[in-house]
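A quick write-up on the structure given underneath.
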Amino acid sequence: MKKYLGIIKVYSEHMSGVNVKILSKTYDDINLIKLWFDLYPGSEYVILENTKELDSMFEFFKDMTPITEEEKEIVEKARVLYKKMMKD
């Protein structure tokens, strides 16, 4: 389990109302969470020390946007595999 949990509340106003989206991400390095926050300017956010219960509760809201080089490599491998599967 990762040490820190970042939570972002992204909201946008429309003529028909307000759209609210909750995103979460976990890391051992607090600076990676702050870097992730920078992707969502104007949003509300909080950093919490992660627990088993919090991790379970916010797993549903996990943001899959890659931040680290390792995550970017995983996304690229998945993209290549997806294209290969679609050709077959």
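Side-chain atoms are counted along with the backbone in the values below, which use heavy atoms only and exclude waters and symmetry mates.
Taking hydrophobic clusters as Ile, Leu, Val, Met, Phe, Trp and Tyr residues chained together by side-chain heavy-atom distances below 4.5 Å, Leu35 shares a cluster with Tyr4. Residues Leu5 and Ile30 do not share a hydrophobic cluster, clusters being chains of Ile/Leu/Val/Met/Phe/Trp/Tyr side chains in contact below 4.5 Å.
Sorted by first and then second residue, the salt bridge (Lys or Arg N to Asp or Glu O under 4.0 Å) pairs with a member in residues 27-40 form an empty list; sequence neighbours excluded.
Met85 shares a hydrophobic cluster with Leu81; the chain of contacts runs through ILVMFWY side chains whose heavy atoms sit under 4.5 Å apart. Other residues sharing the hydrophobic cluster of Val75, ordered by chain and number and joined by side-chain separations under 4.5 Å: none, the residue standing alone.
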Per-pair distances, 0.1 Å, donor-acceptor, side chain in residues 42-50, under 3.5 Å, sequence neighbours excluded:
| unit_1 | atom_1 | unit_2 | atom_2 | d |
| --- | --- | --- | --- | --- |
| Ser43 | OG | Tyr40 | O | 3.4 |
| Glu44 | OE2 | Lys9 | NZ | 3.4 |
| Asn50 | OD1 | Asp55 | N | 3.4 |
| Asn50 | ND2 | Lys2 | O | 3.2 |
| Asn50 | ND2 | Asp55 | OD1 | 3.2 |

Show every donor-acceptor pair shorter than 3.5 Å between a side-chain atom in residues 13-25 and any protein atom, with sequence neighbours excluded, or say none if there are none.
| unit_1 | atom_1 | unit_2 | atom_2 | d |
| --- | --- | --- | --- | --- |
| His14 | NE2 | Ser12 | OG | 3.2 |
| Ser24 | OG | Phe58 | O | 2.7 |
| Lys25 | NZ | Asp63 | O | 2.9 |
| Lys25 | NZ | Thr65 | O | 2.9 |

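By the side chain to side chain donor-acceptor pair (under 3.5 Å) test, Glu73 is found to be paired with no residue, residues two or more places apart in sequence or in another chain being considered.
In this structure, OH in Tyr27 is found 3.0 Å from CD in Glu71, a value given to the nearest 0.5 Å.
When the options Leu32, Ile8, Ile7 are evaluated for a side chain to side chain contact (heavy atoms under 4.5 Å, CB included) with Phe37, the one that passes is Ile8.
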